[in-house]
Amino acid sequence: MKTLSAREQFEILSQGVLDLVTPDDLLAKLEKSNQSGKPLLIKYGADPSRPDIHLGHAVCFLKMRQFQDLGHEVVFVIGDFTARIGDPSGRSAVRSPLTKEEVEVNARTYKEQVDKILNPDKTRVVYNADWLEPLTLREVVRLGAQFTVAQMLERDDFQKRFAGQVPIYLHEFLYALMVAYDSVALNCDVEMGGHDQLFNFLVGRDLMRSFGQEPQVCLTMPILEGTDGQVKMSKSMDNYIGITDSPEQIFGRVMSVPDEVMGHYWTYLNLATPDEWAQLKEGIDRQALHPRSVKLDLAQRIVSWLHSAEEGKHRREEFEKVFTRKEAPSDISTRTVSLPLDLASFLVSEGLAESKSEVRRLLKQAGIRLDEQPLPYSEHPTLEQFRDGAVLRVGKKKFLRLRIA
RNA sequence: GGCGAGGUACCCAAGCGGCCAAAGGGGUCUGACUGUAGAUCAGCUGGUGUAAUGCCUUCGGGGGUUCGAAUCCCUCCCUCGCCA
């Protein structure tokens with residue numbers, strides 16, 4: 001595999017990248033690696049407090065996979081030290097510290113998910129507590145002396161919070177230093193992540209230099225918007241598509257992505273080259289292609305990738321059946337009930353509604369249907385009689401088949 | 001340490017003794033229209049339900065005043081700013 005020249009590798013690796021600091025450094029490192037036969041070390045910092053990996057992360061992982069396919073090695077740095085301190089990095093909510101056990105469980109989950117995309121043989125997992133824990137205060141202070149407060153405040157997130165009078169804790173500055181020190185401890189060649197991590201990466205670059213190491217190349221990938229098309233994909237915004245989500249979920253979520261950002265899903269996730277996407281886009285623009293069908297293709301591709309081609313095909317058929325032709329899905333779970341049925345309690349216990357009040361609300365708005373007939377509102381909704389095997393539908397997406405005991 | 005401004009529901013934010021389960025945005029959810037998208041329009045958005053100006057939980061925590069407190073008082077905790 002590793003027959004490509006440094007220049008050829010560079011061409012592949014620099015594709016789709018958002019920041020590359022600096023291209024020359026990367027090329028030089030690739031050349032050196034080619035000569036010595038020693039693979040480059042690609043660092044990726046993983047946050048063990050959030051073990052759910054979604055398509056936003058996948059953008060980076062796909063790039064890392066390319067590195068691996070060219071013979072290089074990926075190191076996952078599990079930020080267990082950081083997680084056990086509790087890191088508010090960015091988000092307004094200060095995260096609560098995790099126990100050692102929680103970190104371990106999360107790290108394992110993390111690895112399992114990552115293996116869906118990366119080559120497990122070329123993926124190493126390390127824990128940053130291994131080198132951060134033994135640091136003495138003296139050493140920490142010396143790290144701090146490498147940077148000024150003004151430098152730290154350069155970070156966009158800090159700036160915003162400072163201006164918005166939102167607290168910034170002192171240890172958040174240390175957090176950037178710790179991430180940087182990880183690079184020193186590993187003496188890595190490349191650090192990868194989302195664009196929002198660029199600041200931390202650059203700190204790492206500086207710090208490595210002051211430790212007399214060859215500074216790392218900082219490589220960031222564009223940030224994939226969440227399914228709302230507004231802000232970056234993240235669990236906390238609930239706009240994410242998890243790579244271990246069910247095929248049905250993935251398909252539905254992809255379809256809910258606004259057209260405007262669909263191109264990012266195609267290109268960032270390597271499902272189409274920029275040229276290929278431009279063609280699709282052009283087809284949509286002159287109405288030769290329906291945007292819905294392009295999105296259906298996208299959803300099918302993503303499900304096929306994360307699950308299987310059969311699943312992708314099946315999900316597409318199901319989707320068209322349920323939402324285009326308004327039929328019930330073929331695989332609805334079935335409940336056997338006895339009459340008369342107290343609808344409110346039933347829906348709550350089945351998890352189809354949050355509370356009985358919500359059931360009443362839904363009824364008032366004609367949001368609950370039995371065999372596609374909206375059920376009328378009543379204070380105590382009760383089903384006296386219905387067809388055996390009737391389909392109960394709550395809102396758009398929740399279905400349940402009812403059998404009479 | 002001193003002075004000042006704040007802490008309200010999922011988020012932002014009004015309220016400053018009863019008409020407050022708490023205005024207004026945003027978001028979620030439902031319906032219409034659609035391409036399960038977006039935009040638009042309409043509605044809903046604490047729980048319970050003997051259906052009601054009911055009961056329970058909710059305006060940072062605790063205590064108090066009052067027939068009655070998100071609103072007044074005391075105390076504690078937290079955040080922001082200025083000065084040191």
Side-chain angles (χ1 to χ4, degrees), chain A residues 86 88 90-94 96 153 158-170 172 225-231 233-241 247-266 280-281 283-285 287-300 302-303 315-329 342-345 347-349 351-369 372-382 392-399:
Chain A
R91 290 293 131 214
S92 41
V94 179
S96 53
L153 281 173
F158 287 156
Q159 240 173 53
K160 278 192 192 127
R161 279 198 275 163
F162 195 69
Q165 306 201 338
V166 178
I168 299 170
Y169 293 86
L170 196 54
E172 294 185 65
E225 293 89 347
T227 52
D228 56 4
Q230 295 294 313
V231 294
M233 187 175 281
S234 72
K235 195 179 185 195
S236 51
M237 291 303 292
D238 196 29
N239 62 358
Y240 69 103
I241 299 173
E248 187 182 0
Q249 248 177 335
I250 293 173
F251 203 102
R253 291 246 192 184
V254 173
M255 288 309 289
S256 77
V257 170
D259 293 355
E260 294 74 56
V261 299
M262 173 166 54
H264 290 161
Y265 279 66
W266 276 105
L280 288 173
K281 180 86 173 71
I284 292 170
D285 287 345
Q287 306 199 333
L289 283 173
H290 198 299
R292 180 197 51 211
S293 73
V294 176
K295 209 185 286 174
L296 282 167
D297 288 343
L298 175 68
Q300 185 175 349
I302 293 177
V303 172
R315 276 301 134 201
R316 184 192 186 117
E317 283 159 8
E318 278 297 306
F319 185 88
E320 290 180 329
K321 181 177 182 185
V322 175
F323 295 108
T324 307
R325 300 202 299 277
K326 308 273 183 224
E327 293 166 21
D342 173 358
L343 192 64
S345 315
L347 290 177
V348 173
S349 67
L352 296 182
E354 288 286 317
S355 65
K356 294 182 182 179
S357 297
E358 193 192 6
V359 172
R360 290 196 187 84
R361 257 179 253 138
L362 286 166
L363 283 173
K364 271 185 190 151
Q365 308 190 94
I368 302 180
R369 299 180 180 84
E372 287 306 309
Q373 286 302 307
L375 292 172
Y377 174 77
S378 96
E379 295 291 352
H380 297 283
T382 308
L392 187 65
R393 179 175 183 179
V394 180
K396 288 177 202 162
K397 302 170 194 161
K398 298 171 188 163
F399 295 88

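Here is how names work: the chains are called A, B, and so on, in the same order as the sequence lines, proteins then strands, and each is numbered from 1.
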Subject >> Arg369(A) side-chain proximity, nearest of rA37(B), rG47(B), rG31(B) >> reply: rG31(B)

**OP:** Give a yes/no answer on whether the side chain of His380(A) brings an N or O atom under 4.0 Å of OP1 or OP2 in rU50(B).
**Re:** yes

**OP:** Ignoring backbone atoms, establish whether Ser357(A) has a side-chain N or O less than 4.0 Å from OP1 or OP2 of rU48(B).
**Re:** yes

Subject >> Separation of the C1' atoms in rC59(B) and rC72(B), to the nearest angstrom >> reply: 16 Å

**OP:** Rounded to whole angstrom, note down the C1' distance from rA13(B) over to rG7(B).
**Re:** 13 Å

Original post:
Of all the nucleotides listed (rC44(B), rA37(B), rG49(B)), which has the minimum atom distance to the side chain of Arg361(A)?
Top reply: rC44(B)

Original post:
Is Asp297(A) paired with Arg316(A) through a side-chain N to carboxylate O contact shorter than 4.0 Å?
Top reply: yes

Original post:
Does a side-chain N or O from Lys356(A) land closer than 4.0 Å to OP1 or OP2 of rG49(B), or not?
Top reply: yes

**OP:** Check whether any side-chain heavy atom of Ile250(A) sits under 4.5 Å from a side-chain heavy atom of Arg315(A), and report yes or no.
**Re:** no

Original post:
Considering only the C1' atoms, how many Å lie between rG43(B) and rU48(B), rounded to the nearest integer?
Top reply: 23 Å

Original post:
Say you pick atom C1' in rC3(B) and the same atom in rG62(B); how far apart are they, in whole Å?
Top reply: 27 Å

Identify each atom pair where a protein N or O and an N or O of nucleotides 77-84 of chain B are less than 3.5 Å apart, giving names and distance.
residue	atom	partner	partner atom	Å
rC80(B)	O2'	Gln165(A)	OE1	2.6
rC80(B)	O2'	Gln165(A)	NE2	3.4

Subject >> Length of the CZ-C1' vector between Phe251(A) and rA37(B), whole Å >> reply: 13 Å

